[in-house]
Amino acid sequence: MKTDLKFFDHKSKHYGKIQWITLSMNILVLFIIVPILWDVFMEMGSEGYLLFGFFIISFLSPFFVLKFLLKTKQFVFEGNSKKFYILENKKIISELLFHEIKSISYSEYNYIIKSKNGHRTITVYTVVTNGTPSPIILAESTKIFEVRQFGEKIAKFLQIPMKINDSITLEHTELDLPIHKRRFSEDQINTQPEFPKHSNIHFGIQNGEYIIESLFFPKIYLFVSIILGFAFCIFFHFFIGEILLLSIVNWENFPPTLGEIIFLILSLFVGFSPSFYVFWKLKQKRIIRIGSNFVQIFSKKISFEDLEEILITNHKILFINDKTCHTLSLYFFCDSNEYEELKNSIYFAIAKQADVSLEGDDRF
């Protein structure tokens with residue numbers, strides 16, 4: 001079978017890393033232990049050779065056990081037969097003809113991993129079919145930037161449209177267009193951004209540039225960082241200080257020695273570093289500017305020509321093209337219920353600066 005496009009499911013990638021890490025660690029241990037025990041094996045004669053072989057096999061067996069037990073899944077586009085296959089441990093479990101895939105879009109699903117210390121939610125981003133009786137996953141990843149690359153490769157390979165959202169579908173020939181030459185929805189062009197009255201986001205125009213300024217100041221972050229700062233400070237000062245005999249309980253005189261004073265200052269600095277970081281982030285000037293041909297995120301300027309799409313995921317806003325992804329954390333920028341309005345306001349400003357219009361555009 002000649003494979004033209006192949007993707008692994010998100011678990012297979014992690015399984016592969018685990019297998020090779022296991023093998024590497026075992027080989028490293030063997031390089032350390034074998035020279036030490038070599039003379040012992042040699043003194044045992046023929047039995048020593050057998051024991052040595054068993055010793056090697058025992059150390060390498062976890063790698064082969066993992067390789068045998070862990071299931072790997074592949075998503076394969078085979079150009080000669082014009083078929084899409086889903087393989088599990090190299091066995092075909094599902095297939096689909098290319099012409100049955102009319103268009104594709106992005107989706108996601110979640111699952112929970114439980115452990116003794118709690119649980120965490122894993123989000124898996126997917127490329128799925130449109131027009132089939134039920135959506136079929138064609139590729140997946142836990143990284144949205146990576147799955148976007150997969151989607152564009154599939155759309156170009158099959159020469160089919162990519163549905164970006166409910167109102168925008170791009171032909172495969174449009175996927176490399178910069179953001180100001182792409183399709184905009186009617187809302188993105190004609191709807192003036194409106195943040196709630198209680199919002200700490202200010203949207204306006206200044207010297208011909210659209211300005212999105214954040215005055216967001218979540219005091220809970222500062223409060224939590226101060227509590228953690230006290231804990232880190234006490235831990236560092238008394239645990240490390242006890243080892244070095246520099247903590248307050250080890251002071252024999254007052255005022256303390258220069259070394260003890262320096263260590264106390266260092267303890268305060270290390271302990272309260274989370275508070276300093278949070279305070280600095282909250283006092284930082286947080287402004288997104290949209291000029292005639294660029295988007296500036298704080299001090300980072302991105303040309304429209306180097307930008308294709310704006311996405312929001314995991315409390316981050318991503319400014320993406322095919323090769324790069326610029327990320328801005330939104331924890332210190334706005335409330336989570338304002339994320340979508342923030343993204344729409346950036347699209348609105350880009351559309352206005354690029355003079356995008358729906359009139360006479362038969363793409364809409």
Side-chain angles (χ1 to χ4, degrees), residues 144-145 148 164-165 167-168 177-222 225 276-359 361 364:
I144 194 170
F145 176 62
R148 182 185 178 275
I164 304 299
N165 53 45
S167 57
I168 300 177
L177 291 176
I179 194 165
H180 62 301
K181 295 180 181 178
R182 286 190 166 212
R183 305 186 188 205
F184 285 72
S185 68
E186 186 174 354
D187 288 342
Q188 289 173 338
I189 294 177
N190 296 328
T191 303
Q192 179 79 21
E194 290 187 8
F195 291 93
K197 291 183 179 180
H198 63 272
S199 174
N200 292 292
I201 300 293
H202 294 172
F203 180 86
I205 303 177
Q206 187 180 85
N207 299 325
E209 297 177 350
Y210 284 88
I211 305 294
I212 305 171
E213 183 176 9
S214 171
L215 301 176
F216 187 52
F217 198 99
K219 295 180 181 179
I220 185 64
Y221 290 179
L222 194 58
S225 69
F276 299 148
Y277 174 78
V278 170
F279 187 76
W280 171 72
K281 292 293 289 185
L282 293 175
K283 297 300 290 184
Q284 186 183 27
K285 203 169 185 179
R286 290 157 288 165
I287 297 177
I288 298 175
R289 298 178 183 272
I290 298 92
S292 58
N293 60 2
F294 67 88
V295 176
Q296 183 173 334
I297 314 156
F298 299 2
S299 60
K300 178 67 178 181
K301 187 179 287 188
I302 307 170
S303 167
F304 287 171
E305 291 290 338
D306 297 326
L307 180 61
E308 293 182 1
E309 194 172 358
I310 301 170
L311 300 173
I312 290 180
T313 180
N314 294 331
H315 303 284
K316 297 176 184 178
I317 185 166
L318 314 178
F319 298 84
I320 294 174
N321 65 21
D322 286 341
K323 296 180 180 179
T324 59
C325 177
H326 301 284
T327 303
L328 170 64
S329 173
L330 296 177
Y331 281 113
F332 297 97
F333 200 88
C334 62
D335 282 322
S336 57
N337 58 5
E338 297 175 322
Y339 288 176
E340 199 62 30
E341 188 64 27
L342 173 64
K343 185 180 78 169
N344 290 338
S345 65
I346 298 173
Y347 268 110
F348 174 86
I350 292 173
K352 292 302 180 184
Q353 292 286 30
D355 197 24
V356 175
S357 174
L358 294 179
E359 294 180 7
D361 194 339
F364 298 90

Rounded distance [0.5 Å steps], CD1 in Ile310 versus CD1 in Ile179: 4.0 Å
Can you give each donor-acceptor pair under 3.5 Å made by side-chain atoms of residues 193-204, sequence neighbours left out, with the distance rounded to 0.1 Å?
residue, atom, partner, partner atom, Å
Ser199, OG, Ile201, N, 3.0
Ser199, OG, Glu338, OE2, 2.6

Residue pair Gln192, Lys352: steps toward the side chain to side chain contact (heavy atoms under 4.5 Å, CB included) verdict: CA-CA 11 Å; Gln192 179 79 21; Lys352 292 302 180 184; over 6 Å; no
Criterion side chain to side chain contact (heavy atoms under 4.5 Å, CB included) on Ile346 and Ile317, from CA distance to verdict: CA-CA 11 Å; Ile346 298 173; Ile317 185 166; 3.7 Å; yes
Heavy-atom side-chain contact between Ile164 and Arg183 under 4.5 Å: no
Glu305 versus Pro178, closest heavy-atom pair with distance: OE1-CG, 3.6 Å
Gap between atom CD1 of Ile287 and atom OG of Ser299 - 0.5 Å precision: 11.5 Å
side-chain contact (heavy atoms from CB on, under 4.5 Å) against Ile205, all qualifying residues, sequence neighbours excluded: Tyr210
NZ on Lys285 to CD on Glu213, rounded to 0.5 Å: 6.5 Å
Results of salt bridge (Lys or Arg N to Asp or Glu O under 4.0 Å) for Glu308 - residues two or more places apart only: Arg148, Arg182
Pairs of donor and acceptor atoms involving the side chains of residues 318-333, under 3.5 Å and at least two apart or interchain, shall be tabulated with distances.
residue, atom, partner, partner atom, Å
Asn321, OD1, Lys323, N, 2.9
Asn321, OD1, Thr324, N, 2.6
Asn321, OD1, Thr324, OG1, 2.9
Asn321, ND2, Asp306, O, 2.8
Asn321, ND2, Thr324, OG1, 3.2
Ser329, OG, Tyr331, N, 3.4

Which residues share a side-chain contact (heavy atoms from CB on, under 4.5 Å) with Phe279, sequence neighbours left out: Leu222, Lys283
Full working for side chain to side chain contact (heavy atoms under 4.5 Å, CB included) between Phe216 and Asp335: CA-CA 8 Å; Phe216 187 52; Asp335 282 322; 3.3 Å; yes
Interatomic spacing from OG in Ser345 to CD in Gln188 - rounded to 0.5 Å: 11.0 Å
Rounded distance (nearest 0.5 Å) linking atom CG of Leu311 with atom NZ of Lys316: 13.5 Å
ring-ring contact (aromatic ring centres under 6.0 Å, His included): pairs with one or both residues in residues 280-311, sequence neighbours excluded: His180-Phe304
Shortest non-hydrogen contact between Ile290 and Gln353, atoms and distance: O-NE2, 2.9 Å
Residue pair Val295, Leu307: steps toward the side chain to side chain contact (heavy atoms under 4.5 Å, CB included) verdict: CA-CA 9 Å; Val295 176; Leu307 180 61; 4.1 Å; yes
Nearest atoms (heavy-atom pairs only) where Ile168 meets Ser185: CD1-N, 3.5 Å
Heavy atoms of other groups near Asn207 CG, more than 12 under 6.0 Å: no
